[in-house]
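Structure first, commentary second.
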There are 2 protein chains.
Amino acid sequence: MSIRIVVVDDQALVRGGFAMVLGHQSDIEVVAEAGDGLEAIEMAQTHRPDVILMDIRMPAMDGLEATSHIIANADWPVRVLILSTFDPDEYVYKALRAGASGFVLKDIPPEQLVSAVRTVAEGGALLAPSITLRLIERFADQLALDTKVSSRLERLTHREREVLAEIAHGHNNNEISEKLFIGTATVKTHVSSILTKLGLRDRAQAVVFAYESGLAEPGDYDIGH
Amino acid sequence: MSIRIVVVDDQALVRGGFAMVLGHQSDIEVVAEAGDGLEAIEMAQTHRPDVILMDIRMPAMDGLEATSHIIANADWPVRVLILSTFDPDEYVYKALRAGASGFVLKDIPPEQLVSAVRTVAEGGALLAPSITLRLIERFADQLALDTKVSSRLERLTHREREVLAEIAHGHNNNEISEKLFIGTATVKTHVSSILTKLGLRDRAQAVVFAYESGLAEPGDYDIGH
DNA sequence: TCAGGCCTCCCTCTAGAGGTGGAGGCGCCA
DNA sequence: TGGCGCCTCCACCTCTAGAGGGAGGCCTGA
């Protein structure tokens, strides 16, 4: 069973080149080509390919928008590999958010393109080396920071860390007392102790500290409505 | 000028295999081999290679520790490519934090190992497809969240967003007034407006919102001392 | 056995936070 | 020109948060 592909690029020559390279592989079959985003969506619906090779810059509808649309509306497992001439941050992040499984530059050698397609078809993900580097750096920075500041968390007792976690959720003393089944006076004692130990002024700074130290992480819950 | 490499693995057979594959390339030269972390540090110091191919599981000192040590103390540009049999999350994150430029599984075909080494030597980064996928997912989740909540940020005026950013730094009304060159009364007006518009109760919740919405991000500065 | 740390709770006091309502100046746009 | 939104500032009021100091029960390790 071969990998079924749709190639999308507004330049027919480029499109044809990719299609030819891929079509020559015994396990890959190019089932359609498209010249812009709208056509891409149409071809995707019609042929239900395993992988879509998508250019970013295109007339009518660009590759990112088309990717979002296809991923959001597809009722079969489809994976998108983004092709770009440059690698500006903005595009990459938008592409990943759109649900792309990969982001490679057009200057890669044919055999790497082929293996990229196979990787993506198998459920993996693939980024251009320079992009991977940035992603790693972003990630590593965050981790390094976590460990640096979190050492100060060790000064706190177990109970204090619990209270700090509640503060980091935006709860007031009363809510914390109810949640931890203790009196508000006790909560105040803990809070004071936390602020003193960490050299903070008020609970707002405590929230900042919790996020900076990694005790709290974006994505846990919702505030307000 | 060829790429100078040190191969580190406790299994002589595996080490020899990698060394042979790489050594056959005209642009790659294996200058040393090491059987454990301590030896790796020694060889790195002695031969000052461009790239170190590092196994994780090793006696005496494991690859992660050795990587940390080498990266931290090297006075020349050295890059480490981690080799692992499995891909547990824990290892990957530790490796990235240690400063590794890549993380590949041992089952990759020889030609991909060679190109991985070249990529890393050129300053790029490379991860195994399955790991890249996880990294992307982690990242995409975060972004999706950002945009979801940040739509509420649009209700705020420009000035209010500035004030919110200051709140997210843990500053009190007085500090904000000094920083933005306005009166404290004005700051209070803005703060009230922010809390009302976002459905929040106090500035601690505002800090939470700032981090959850992506207006503030871990890593900006330090609180306390 | 006793000291010390942790958790619990109480009191008082003050400064800051936040709500409410009002006001003037500015720029934009119908 | 008149309205409208934004930014600026003021006064008054309420209330929570946080500081400071004290105290009892519990467990652990010297």
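Labels below follow one simple rule: chain letters A, B, ... track the order of the sequence lines, proteins then strands, and each chain is numbered from 1.
Of the side-chain N and O atoms in N172(B), none sit less than 4.0 angstrom from OP1 or OP2 of dG16(C). At the phosphate of dC7(C), OP1 or OP2 sits under 4.0 Å from a side-chain N or O atom of T157(A). Regarding contacts with the backbone of dT16(D), every side-chain N or O of R201(B) stays at 4.0 angstrom or more from both OP1 and OP2. An OP1 or OP2 oxygen of dG18(D) is reached within less than 4.0 angstrom by a side-chain nitrogen or oxygen of R203(A).
Atom NE2 in H158(B) sits roughly 16 Å away from atom C1' in dG27(C) (whole-Å rounding). Distance, R159(A) CZ to dC6(C) P: 14 Å, rounded to whole Å. Atom CD1 of I176(B) is separated from atom P of dT8(D) by 13 Å (rounded to the nearest Å). One interatomic measurement links the two molecules: CG of N173(B) to C1' of dC9(D), which rounds to 14 Å at whole-angstrom precision. Atoms CD1 (I167(A)) and C1' (dA17(D)) sit 11 Å apart, rounded to a whole Å. Following rounding to the nearest Å, E166(B) (CD) and dA17(C) (C1') show an atom-to-atom distance of 17 Å. What separates CD of E160(A) from P of dG5(C) is a distance of 13 Å, to the nearest Å. In this entry the distance linking CZ of R161(A) with C1' of dC6(C) reads 13 Å, nearest Å.
Of the two residues near DNA chain D, G183(B) and L195(A), the one whose nearest nucleotide lies more 5' is G183(B). Heavy-atom nearest nucleotides on DNA chain C were determined for K188(A) and for H171(B), and the one closer to the 5' end corresponds to K188(A).
Side-chain atoms of S192(B) lie closest to dG18(C) of the nucleotides dT8(C), dC9(D), dG18(C). Taking every side-chain heavy atom of A185(A) into account, dC10(C) is the closest of dC10(C), dC10(D), dT8(D). Proximity note for H190(B) (side chain, C-beta onward) versus dT8(D), dA17(D), dC6(C): the nearest is dT8(D).
Under a 3.5 Å cut-off, the side chain of T186(A) and the backbone N or O of I182(A) do not form any donor-acceptor pair. Using modelled atom types, one side-chain atom of N73(B) and one backbone atom of H69(B) make a donor-acceptor pair closer than 3.5 Å. Listed for the R15(A) side chain is a donor-acceptor partner under 3.5 Å among the backbone atoms of D9(A).
Heavy atoms of T196(A) sit nowhere under 4.0 angstrom from any nucleic acid atom. Counting non-hydrogen atoms under 4.0 angstrom, T186(A) reaches a base of the nucleic acid. Using a 4.0 Å heavy-atom distance criterion, D202(B) is classed as a sugar-phosphate-only contact.
A donor N or O paired with an acceptor N or O is found under 3.5 Å between the base of dC9(C) and the side-chain atoms of T189(A).
If you check the side chains of H190(B) and E160(B), you find no donor sitting under 3.5 Å from an acceptor. N172(B) and R203(B) share no side-chain donor-acceptor pair at under 3.5 Å.
Closest heavy-atom contact between A95(B) and F103(B): CB-CD1, 3.8 Å.
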